[in-house]
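Throughout, a chain's letter reflects where its sequence line sits, starting with A, and its residues are numbered from 1. Heavy-atom basis, side chains included; hydrogens, waters and symmetry copies ignored.
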Amino acid sequence: MAYWLMKTEPDECSIDDFANAPNKALRWDGVRNYQARNFMRAMATGDQVFLYHSSCAEIGIVGIVEVVKATYPDPAQYDPESAYFDPKSSPEKPRWDAVDVRFVSKFNRVLGLAELRTISALAEQPLLRKGNRLSVIPFSTTEWRAVVATLSSSDSDNGRK
DNA sequence: GCCAACGTTGGC
DNA sequence: GCCAACGTTGGC
């Protein structure tokens with residue numbers, strides 16, 4: 001099993017959208033960056049994913065989702081009505097992939113950027129590098145556990161609810 | 001709203 | 001293949 005982080009703007013898709021549909025698989029589509037796409041292609045069913053809220057009031061990691069369906073061509077790329085339409089893509093030659101994910105847990109607080117920067121295990125994390133724009137990022141087991149441990153140590157209920 | 005950083009495009 | 005211009009991301 002592998003670990004990941006995915007960014008989302010909560011106005012478009014937030015941890016609450018997952019929490020409100022706890023057993024529903026939601027499509028993670030619209031990734032239009034080759035590096036991020038390639039990471040998505042490496043995802044397998046059961047992989048765990050931190051959800052990160054960006055460009056919003058409370059920036060940071062807000063919960064966990066998991067992969068329930070590995071990559072398949074993102075249907076939005078063929079749809080001229082979609083904001084994710086790519087005229088250079090076709091069903092014969094798809095460019096972009098999606099995965100399906102579902103809710104695992106919502107943290108009882110946002111693990112904010114400033115706090116993430118204090119976690120020494122994350123010193124090399126691309127997420128925290130200046131100018132980083134990657135929306136799908138791999139986490140090592142060490143990095144993952146360090147984040148979870150930070151939550152646990154600050155809460156009485158293991159950082160989840 | 002500002003601006004730094006980055007990825008992509010397109011002319012050459 | 002180079003690189004300037006442009007559009008987008010994302011924190012502040």
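Comparing atom distances between the A:Leu113 side chain and each of C:dC12, C:dG10, B:dG10 picks out C:dC12 as nearest.
Within 4.0 Å (heavy atoms only), A:Ser55 reaches at least one base atom of the nucleic acid.
In this structure, A:Arg32 atom CZ and C:dG10 atom C1' are separated by 20 Å, rounded to whole Å. Distance A:Ile137 CD1 to C:dT9 P: 15 Å, rounded to the nearest Å. Atom CE of A:Met6 is separated from atom P of C:dT9 by 17 Å (rounded to the nearest Å). Between the CG atom of A:Leu127 and the C1' atom of C:dG11 there is a distance of 12 Å, given to the nearest Å. Protein atom CZ of A:Arg129 is 17 Å distant from nucleotide atom C1' of C:dG11, rounded to whole Å. Per the geometry, NZ belonging to A:Lys130 stands 12 Å off C1' belonging to C:dG10, to the nearest Å. In this structure, the CG atom of A:Leu116 is 15 Å from the P atom of C:dG10, given to the nearest Å.
Minimum interatomic distance between A:Ser54 and A:Pro10 (heavy atoms only, all atoms of both residues): O-CD, 3.4 Å. Scanning all heavy atoms of the two residues, the minimum distance from A:Arg102 to A:Lys24 falls at CB-O, 3.5 Å. Closest approach of A:Trp144 to A:Trp4, counting heavy atoms only: CZ3-O, 3.5 Å.
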Expected rows: protein N/O vs nucleotides 4-8 of chain C N/O, under 3.5 Å:
unit_1	atom_1	unit_2	atom_2	d
C:dG7	N2	A:Arg133	NH1	3.3
C:dT8	O2	A:Arg133	NH1	3.3
C:dT8	O2	A:Arg133	NH2	2.7

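Heavy-atom contacts from other residues, nucleotides or ligands closer than 6.0 Å to CZ of A:Arg95 number more than 12.
A:Tyr72 carries A:Lys69 over the face of its six-membered ring, with the cationic atom under 6.0 Å from the centre and within 45° of the normal.
Residue A:Tyr52 has a polar side-chain atom (N or O) positioned under 4.0 Å from OP1 or OP2 of C:dG11.
Residues passing the salt bridge (Lys or Arg N to Asp or Glu O under 4.0 Å) test with A:Glu115 are A:Arg109, sequence neighbours excluded.
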